[in-house]
Amino acid sequence: MQERYDPAAVEAQAQLYWDQQHSFEAKEDDSREKYYCLCMFPYPSGRLHMGHVRNYTIGDVLARFMRMNGRNVLQPMGWDAFGLPAENAAIANGIPPAKWTLDNIAHMKRQLKSLGYGLDWSRELTTCLPAYYRWNQWLFLRMLEKGIAYQKTGVVNWDPEDKTVLANEQVIDGRGWRTGALIEKREIPMYYLKITAYAQDLLDSLQSMPDWPERVRAMQANWIGRSEGLRVGFPHAIGEGGVLHAFTTRADTIMGVTFCAVAAEHPLAVHAANGNPELQSFIEECKRGPAVEAQLATQEKKGMPTGLFLTHPISGAAVPVWVGNYVLMSYGDGAVMGVPAHDERDFEFAKKYALPILQVIDIDGRRYSLDAWQSWYSEHGRCVNSGRYDGLEYEAAVSAVAADLSSKGLGERRTTWRLRDWGISRQRYWGCPIPIVHCKECGAVPVPDDQLPVILPTHLVPDGSGNPLAKDLEFLDVRCPKCGAQARRETDTMDTFVDSSWYFLRFACADNDQAMLDYRVQYWLPVDQYIGGIEHAILHLLYARFWTRFMHDMGAVPFKEPFARLFTQGMVLNEVFFRKPASGRQQYFNPADVLVSVEKSTQRRLAVLRSDGKEVESGGVVTMSKSKNNGVDPQSLVDEFGADTARLFMMFAAPPEQTLEWSDEGVQGAYRFIKRLWKAVYEHVSQGPAAALDKSALTEPQRAIRKQAHQTLAKVTDDLGRRRTFNTAIAAVMELLNALAKFPQASVQDRAVSQEALATAVICLSPIIPHATHALWKGLGHRTALIEEPWPNVDTEALQSSSVRMVVQVNGKLRGHISVAVDASEAVIHDSALSDVNVRKFIGSVGVRKIIIVPGKLVNIVV
RNA sequence: GCCCGAAUGGCGGAACUGGUAGACGCGCCGGACUCAAAAUCCGGUGGUGGUGACACCGUGUGGGUUCGAUUCCCUCUUCGGGCACCA
C-alpha cells in the first residue's frame, strides 16, 4: 500500500469501484429485509451547503451501517426543483428558471458524487419535469373528485407597483422587496386541500409513533391544536337580527363577558362600517396589517367600537361589539367573547379602552387587583359574581353553562382546530400547473386524465411583473374540455410542498411512465429512516402525512404513516453580516469576507468588510441560507482535504441532532486523524503479514488492547445503531488508536492483536469515511471489498475482567478509589473502602451513618 | 406574542438509566526532529491556594428534591428553530 495518504486518489478509486459494481443500485428482493433510508431532497439552489453535507452524511452513515448489518438498503436522491429562487435568479440574470434549475442540478449531482454518498442514482427524480409533476395533477383531480380539493377565496400580498403577488418572504416591513411599495392584502380565488378532514387522525396517530422525536410530535400536536369548548351565541337585532357566534374554552367565565371583539373581515364589522368612515378606515388599516402570524401577534392591540350591541345569552345584558386587530377571521367564527378579568389579551385591551373588568373566577380567595395582570387570573378556579354558577368548579361550571345555553339554542359543545386547510394556489410561473380550464359557460373544468400532463412551458423568463404564464397565449388558449368553446387555462401553479408530499413514494418506481405508483411501493415503503432538518418539523412532515392518508383512503398505499422513524438534524448556523443603506434593500456579506476583531479598550466587537475596511453590522447567528449570504461552501473542504475529512469533521463536530454553530477550526484535526490511521496501518503492514491470533496465549497488555478494541466495537455499534451519536463513536475509535500507538509491536502476538484492533478501527469508521477505509481494508490484506463486509460481532470473552475499580465518596464527594474483585461481597467492599487513608481522614471520628453501594461503580459513605 | 429546543474550560463537545464533571478533538504552552520552517512525534493544559500530597470552587440565574444533581422539579435570563406564500 501507499505510504502517503492521498485523498484524491483514494477517493477516486473507491468511487470507481462502487460505480463499476453498481453497489448502491437497490433491487427488490422478498427474501431480504429492506431498509429504506431517505434524506430530505434538496432544493437545487446552485451548490451544496453545509446543511446538505450534514444531512446526507448522517443518512449515508446509517445506510452503510445497515447495509453491513445485512439489510437490503435503498438510499435514493432527487430534486425539489420548483420554487421561488429560480424565478428570482431569472429576474436577476434573465435566464429561464428551467435552465438555471437544471444547470444547478447537474452541478450539485457532481458534488454529491464527489462526497461518496451511497445513492441509487437510477431512481433519481426531478419535480420540475412532467414525468414527475403529471402525477401531482392526476392526484389533484382525484382530490377534486373526493371533495378534498376545493375552491375558496384566500388572502395574498399584493404589490401595487409591480402588479404581482408576493411571498411573505418578499415582504419586508410591509413593503415589496423590489419596489418598496406598500403591500396590500387582496382576496382572490384559490384551491385548498382539506387537511382539516384528517385533523383528528393526524393528531391521534402521533401517539403511536415512538420512533419520531418527542419534540416533533409535540410541535405537530400543538400545530393541529385541538381544543374543546363551547360555541356561544350572542343574539342581536342588528340588520335583520341574528346571532353572533364566538368559540370559547372558558365558558365558566361567561358572566365576566364585558364586550365582544370581531375580526375586521367579520360581517358585523362590515355592517357597522357602512356610513361610519372612521370605522371604515380602521378596518382598512387592519386589512393592510401583517399577514404573518408572528407579526400579527406582536403588533399593538388596537380596537374600535362598532356602536353595535349584542345580548348576553345568560344575563341578557347589552354587550358592546368591537373590532379588534388581533382577532383572526380564520380561527373559530372570527369573533371572541371578551372576558378581560381572566384573559391576558382581553385584560390589556380592556385597560387600554377603559372597558369594564369583572372578576368571575376566584382561586383560594386571592385578592384580584385591576392594577396589573397576574398569571393566576387565567387559571381554573371557582365561579364568583356569576349568579347561579357561583361556587362551581371549572368542569361543573362549563357543563352548567353548556346545558343552559343549549336549552336556549344559544350554545353547543364544539371542537375547534388551530389547523387550517392548505391553500396550494400560487400566482407564480415556476411550479406545477393546476389542471383546470376556465370556461365562460362551464366554469372551472378539470382537465381530463387523458389530456394530462398540463405541460409548463420552459422558455419563459419572469421579470417581476406578475406571472408570465398569464401573458403566454400558447399556454392560455385552450378549448373547454366539456363544451369545446374557447376557454382559458388556469395560470396558478401548485405550492412546492405538494411536490415534496409524495416524492418518497415515487422513488420506489420512478421509472414507471404508466402509473403514479406500482407494486414496488409495497416492498420499499414506508420509509424506515427519514432524515432532515428540524425546520421541517411541522409543515412538510404534516403535509406528507396528510397526503399519504389521502392515498391510503383511495387504496393507493397500504399504510397511513409514510415515515416509520424520523431523525431531525440540527441546523448549521453562521453569523450574518449586513449593511442597511438609507434606501433600498439590506445587503448581506459572506462571513468569509468579513474580518471580526475585538477592540481591547472597550471590549467592543468590530466587524469590517475585508474589501473596503468599513464596518458591517452583525445580525446574530442564524441558519446558513442563500438569502442571508452566510453559507460556507463545503466544496472548499472537499477540494483541500477530501470528502472523507469533510464527512468526518461534520460528524465529529457535534451530535447530529444538535444545532451546529459553524467554525472550521478542527478540520485539520479530522484530516490529521485520518492520516494517523493511515500511517498506523501502513507501518503495521509494512512489517509483513501478521500471524493468526491465539486468544489463549495473550499477555496482560495484549488482553487489555483486545478488550479495548472490542469495547470500541460495542460502543460504535451502539452509537451508530441506537444512539445516533456519531461524534462519540468517532471519539471512541480515536481513543483506540491512541492506545494502539503506545502498544509495542515486539512479539508475534503483539502484531496479531494489532491486526485485529486496526481492522476493528477501520470497520468502525467505514460508514463515516468509506473511501480511506476501503483502501485501508485492502492494505490490511483483505481480498474482498470492505463494502461487502458484514458488521462484526463483539467477542464478549474479550470484555471479561476479574477486578473492578470503584469510586469511594464521603458525603457524595470523591475521596478515593478502590480495586476489588468483580464478585466481591458487600462486606469486602466496605472494608476496602473504609481502609483508604484519605477516606478515613474525611470520616474522622464521626460515626458512619450509612453506606451506599452502586455495584461495580461506587461506594458512598454518609457520615 | 405563541409552540418546540438549547446553555458545561479559551473553542467544538463528553458524561447513555440520578453516581468519578471536562472523554475525544481544536487552540495554547513546553520539548524532540530540522540550518530554518512545515509536517510529524512526546509532555502539559477548568479556576484559586499550595514546593507537594492535596484542598476549596466550578456545568447560564435563583430556589427545591436527594446520601449524591450537568442529569429530576419550579423560577428567571439569553440564544436557536417554527408560526401556514423561503424551502
Side-chain angles (χ1 to χ4, degrees), chain A residues 40 42-43 45 80 83-85 88 154 156-157 165-171 213-216 218-219 221-223 225 291-299 301 326 330 344-345 418-428 495-497 500 533-540 542-543 568 570-571 573 620-623 625-627 649 652-655 657-661 663 665-670 672-673 675-676 679 718-719 722-723 725 727-728 730-735 738 741 805-814 817 838 849-852 854 857-863:
Chain A
M40 290 181 186
Y43 177 78
S45 56
D80 187 13
L84 199 54
N88 296 341
V156 294
N157 306 305
V165 175
L166 296 184
N168 287 338
E169 191 191 47
Q170 298 171 311
V171 180
E214 181 58 45
R215 60 171 162 160
V216 174
M219 279 190 261
N222 288 329
W223 182 264
V292 178
E293 192 195 312
Q295 289 166 21
L296 216 57
T298 47
Q299 73 179 346
K301 311 232 171 340
Y326 64 96
S330 55
E344 189 170 4
R345 210 169 38 179
R418 213 186 75 90
L419 183 67
R420 306 198 297 260
D421 279 342
W422 172 17
I424 58 156
S425 294
R426 297 290 179 271
Q427 298 67 44
R428 269 191 270 289
D495 180 5
T496 55
F497 274 125
S500 55
I534 185 69
E535 75 275 19
H536 295 292
I538 297 175
L539 290 180
H540 160 59
L542 198 61
Y543 291 148
T568 47
M571 311 288 302
L573 312 181
V621 179
V622 300
T623 315
S625 75
K626 221 175 177 181
S627 60
F649 173 64
F652 186 58
E657 207 149 16
Q658 200 168 294
T659 301
L660 171 59
E661 221 172 286
S663 154
E665 284 179 14
V667 175
Q668 284 285 350
R672 202 175 292 159
F673 173 65
K675 281 196 290 184
R676 284 187 64 202
K679 194 172 157 196
D718 191 46
D719 284 354
R722 180 183 64 89
R723 296 181 64 210
T725 52
N727 54 330
T728 52
I730 295 164
V733 182
M734 286 175 168
E735 285 182 78
N738 288 346
R805 197 171 121 101
M806 291 177 80
V807 163
V808 184
Q809 297 181 335
V810 177
N811 286 346
K813 290 202 173 187
L814 174 68
H817 295 95
N838 201 40
R849 280 203 298 170
K850 196 157 120 186
I851 296 182
I852 293 152
V854 181
K857 272 199 178 144
L858 157 152
V859 184
N860 188 15
I861 300 163
V862 186
V863 297

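Every chain is numbered from 1, with letters handed out A, B, ... down the list of sequences.
B/rU65 makes up no base pair with any nucleotide shown, lacking Watson-Crick or G-U wobble contacts both under 3.5 Å. B/rA7: Watson-Crick or G-U partner is B/rU77, with both key distances under 3.5 Å. B/rG22: no Watson-Crick or G-U partner with both key distances under 3.5 Å is found in any strand.
Among the atoms of the strands shown, base atoms are found under 4.0 Å from some heavy atom of A/H536. Within 4.0 Å of A/F497, counting heavy atoms only, lies at least one base atom of the nucleic acid. Using a 4.0 Å heavy-atom criterion, one finds that A/R215 contacts the sugar-phosphate atoms exclusively. No engagement by A/V808 is indicated, since no non-hydrogen atom pair under 4.0 Å with the nucleic acid exists. Here A/A294 lies in heavy-atom contact (under 4.0 Å) with a base. Within 4.0 Å of A/Q809, counting heavy atoms only, lies at least one base atom of the nucleic acid. Backbone-only contact: A/T496 has heavy atoms under 4.0 Å from sugar-phosphate atoms and none from a base. As judged by a 4.0 angstrom heavy-atom cut-off over every strand, A/Q295 is placed among residues making no nucleic acid contact. A/V807 comes within 4.0 angstrom of a nucleotide base, judged by non-hydrogen atoms across all strands. When heavy atoms are screened at a 4.0 angstrom cut-off, A/V621 is found touching the sugar-phosphate backbone but no base atom. Nucleic acid contact class of A/R849 (heavy atoms, under 4.0 Å, all strands): none. Within 4.0 Å of A/V156, counting heavy atoms only, lies at least one base atom of the nucleic acid. Residue A/L84 is classed as a sugar-phosphate contact, given heavy-atom separations below 4.0 Å to backbone atoms only. Residue A/W223 is classed as a base contact, given a heavy-atom separation below 4.0 Å to a base.
Across B/rC85, B/rU20, B/rG82, the shortest atom-to-atom separation from the side chain of A/E535 is found for B/rG82. Candidate nucleotides B/rG1, B/rC24, B/rC67 were compared by shortest atom distance to the side chain of A/M734, and B/rC24 ranks first. In the set B/rC86, B/rA87, B/rC4, the nucleotide with an atom closest to the side chain of A/N168 is B/rC86. Counting only heavy atoms from C-beta on, A/L419 has its side chain closest to B/rA84 among B/rA84, B/rA15, B/rC4. Checking B/rC4, B/rC85, B/rG12 against the side-chain heavy atoms of A/A653 singles out B/rG12 as nearest. Closest approach to the A/I852 side chain among B/rA84, B/rC67, B/rU40 is made by B/rC67 (side chain taken as heavy atoms from C-beta onward). When each of B/rG13, B/rG5, B/rA87 is scored by its nearest atom to the side-chain atoms of A/N727, the top-ranked nucleotide is B/rG13.
Nearest-nucleotide positions on RNA chain B for A/R805 and A/R428 put A/R805 closer to the 5' end. Nearer the 5' end of RNA chain B, as judged by each residue's closest nucleotide, is the contact made by A/K679, out of A/N157 and A/K679.
Regarding A/Y43, its OH atom lies at a distance of 10 Å from the C1' atom of B/rC86, rounded to whole Å.
The base of B/rC85 sits with one of its N or O atoms less than 3.5 Å from a complementary donor or acceptor on the side chain of A/Q427. Side chain A/N222 to base B/rC3: no donor-acceptor pair is found below 3.5 Å.
One finds no side-chain N or O of A/S627 lying less than 4.0 angstrom from the OP1 or OP2 phosphate oxygen of B/rC86. A close approach under 4.0 Å does occur between a side-chain nitrogen or oxygen of A/N838 and OP1 or OP2 of B/rA55. Phosphate contact (OP1/OP2 of B/rA84, side-chain N/O of A/R418, threshold under 4.0 Å): absent. For A/K675 and B/rU40, the shortest distance from a side-chain N or O to OP1 or OP2 is below 4.0 Å. At least one side-chain nitrogen or oxygen of A/R676 sits closer than 4.0 Å to the OP1 or OP2 atom of B/rC41. Contact annotation: A/T623 side-chain N/O to B/rG81 OP1/OP2 distance is under 4.0 Å. Within the 4.0 Å cut-off from OP1 or OP2 of B/rA84, not a single side-chain nitrogen or oxygen of A/R420 is found. Between A/K813 and B/rC57 there is a side-chain N or O to OP1 or OP2 distance below 4.0 Å. A/R426 has no side-chain polar atom (N or O) that falls below the 4.0 Å cut-off from OP1 or OP2 of B/rC86. At the phosphate of B/rG13, OP1 or OP2 sits under 4.0 Å from a side-chain N or O atom of A/Q658.
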